[in-house]
A.B. asks: 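Pasting a structure below so you can have a look.
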Amino acid sequence: MHRIDVKILDTRLRDNPPHYATPGSAGLDLRACIDGPLHVEPGQTTLVPTGMAIHLADPGLAAMILPRSGLGHKHGIVLGNLVGLIDSDYQGELMVSVWNRGHAAFTLNPLDRIAQLVVVPVLQVGFNVVDDFDASHRGEGGFGSTGKS
Ligand SMILES: O=c1ccn([C@H]2C[C@H](O)[C@@H](COP(=O)(O)OP(=O)(O)OP(=O)(O)O)O2)c(=O)[nH]1
């Protein structure tokens with residue numbers, strides 16, 4: 001198992017340090033470290049602190065912030081950046097861009113679980129600049145080019 005360093009920046013998280021909800025969870029819940037209720041109006045995007053920082057350190061790792069499916073599906077609460085990408089050398093507080101894409105105002109309360117963090121492996125590659133690629137089956141076809149009768 002990989003182990004990464006975590007800083008708890010908000011003392012309210014000390015009683016509930018980061019842990020996966022179940023042994024099979026892929027996502028670590030991120031909580032809204034806000035001082036009071038925060039109303040997010042339809043169409044509004046607001047940056048919410050999570051009270052924690054991670055340092056992945058290994059360039060072979062990255063983390064992604066993803067929406068919670070229940071919040072997104074039932075309430076339209078998703079991410080203003082769609083996906084947040086956390087670099088392995090980032091050491092600042094994890095921030096969540098909360099976007100209310102729904103039609104009703106939504107209230108976030110302190111320590112609500114607002115998004116989830118997934119740690120993923122990353123391949124760092126070198127780029128060879130070429131004039132032509134080796135032939136491939138697909139070539140340049142895309143955007144629905146397959147499966148036409
Ligand atoms: O949802 C997010 C997305 C990013 N970050 C942090 C971690 C990430 O490593 C850093 C930079 O993110 P990104 O590279 O996506 O931002 P940018 O807009 O390209 O700015 P920068 O010039 O800082 O790279 O911001 C978050 O806390 N939450």
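Everything numeric here is computed off the predicted structure, so don't read it as measured data. Just follow the structure's listing: the first ligand is 1, and inside any ligand the first atom is 1.
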A.B. asks: Identify, by atom number and element, the atoms of ligand 1 in contact range of G84, meaning under 4.0 Å from any of its heavy atoms.
C.D. replies: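 Selected atoms, number and element: 1 (O), 2 (C), 3 (C).
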A.B. asks: Does the D112 side chain pair with the main chain of N109, one donor and one acceptor, at a distance under 3.5 Å?
C.D. replies: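 It does hold such a pair.
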A.B. asks: Closer than 4.0 Å and a protein heavy atom, does any atom meet both conditions relative to atom 5 (N) of ligand 1?
C.D. replies: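 It does: a protein heavy atom is found less than 4.0 Å away from atom 5 (N) of ligand 1.
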A.B. asks: Do me a favour and list the nearest non-hydrogen protein atom to atom 9 (O) of ligand 1 with residue, atom name and distance?
C.D. replies: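 Nearest neighbour among protein heavy atoms for atom 9 (O) of ligand 1, to 0.1 Å: D87 OD2, 2.6 Å.
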A.B. asks: Does a side-chain heavy-atom distance below 4.5 Å link L38 with T107?
C.D. replies: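 Answer no - side chains too far apart.
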A.B. asks: Among all protein non-hydrogen atoms, which one is nearest to atom 25 (O) of ligand 1, and what is the separation to 0.1 Å?
C.D. replies: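 Going by distance alone, atom 25 (O) of ligand 1 is nearest to Y90 CE1, 4.0 Å.
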A.B. asks: Does the protein put any heavy atom within less than 4.0 Å of atom 27 (O) of ligand 1?
C.D. replies: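 When distances to the protein are checked, atom 27 (O) of ligand 1 has a heavy atom within 4.0 Å.
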A.B. asks: Tell me the protein heavy atom at minimum distance from atom 8 (C) of ligand 1, and give that distance in Å.
C.D. replies: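 Protein heavy atom with the smallest distance to atom 8 (C) of ligand 1: L85 O, 3.3 Å.
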A.B. asks: Which pair of heavy atoms, one from S88 and one from L61, lies closest together, and at what distance?
C.D. replies: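 Shortest heavy-atom contact: CB-O, 3.4 Å.
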A.B. asks: Return yes or no for this condition: an N or O of V96 is under 3.5 Å from an N or O of ligand 1.
C.D. replies: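 No, there is no polar N/O contact under 3.5 Å.
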A.B. asks: Restricting to non-hydrogen atoms, name the atom on G27 and the atom on Q116 that form the minimum distance, rounded to 0.1 Å.
C.D. replies: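 For G27 and Q116, the tightest heavy-atom pair comes out as CA-OE1, 3.6 Å.
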A.B. asks: Looking at T50 and M95, would you say the former's side chain and the latter's main chain have a donor-acceptor pair under 3.5 Å?
C.D. replies: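 Between the backbone of M95 and the side chain of T50 there is no qualifying donor-acceptor contact (under 3.5 Å).
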A.B. asks: Kindly say whether L71 contributes a backbone atom to a donor-acceptor pair with the side chain of H73 at under 3.5 angstrom?
C.D. replies: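 Not a single qualifying donor-acceptor pair exists.
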A.B. asks: Considering both backbone and side-chain atoms of N81, is one of its nitrogen or oxygen atoms within less than 3.5 Å of a nitrogen or oxygen in ligand 1?
C.D. replies: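 N81 vs ligand 1: N/O contact under 3.5 Å present.
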A.B. asks: If hydrophobic residues (ILVMFWY) are linked whenever their side-chain heavy atoms come closer than 4.5 Å, directly or via other members, who joins V129 in its cluster?
C.D. replies: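 V129 clusters with nothing; isolated.
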A.B. asks: Going by a strict under-4.0 Å cutoff (protein heavy atoms only), does atom 13 (P) of ligand 1 have a neighbour on the protein?
C.D. replies: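 So atom 13 (P) of ligand 1 lacks protein heavy-atom neighbours under 4.0 Å.
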A.B. asks: Take atom 20 (O) of ligand 1 and look for protein heavy atoms under 4.0 Å from it; say yes if you find one, no if not.
C.D. replies: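 It does not: no protein heavy atom is found less than 4.0 Å away from atom 20 (O) of ligand 1.
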A.B. asks: If you measure from each non-hydrogen atom of I65 to ligand 1, which part falls under 4.0 Å: side chain, backbone, both or neither?
C.D. replies: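 Answer for I65: side chain.
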A.B. asks: Answer yes or no: is there a side-chain heavy-atom contact under 4.5 Å between L47 and V96?
C.D. replies: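 Not touching, per the 4.5 Å side-chain cut-off.
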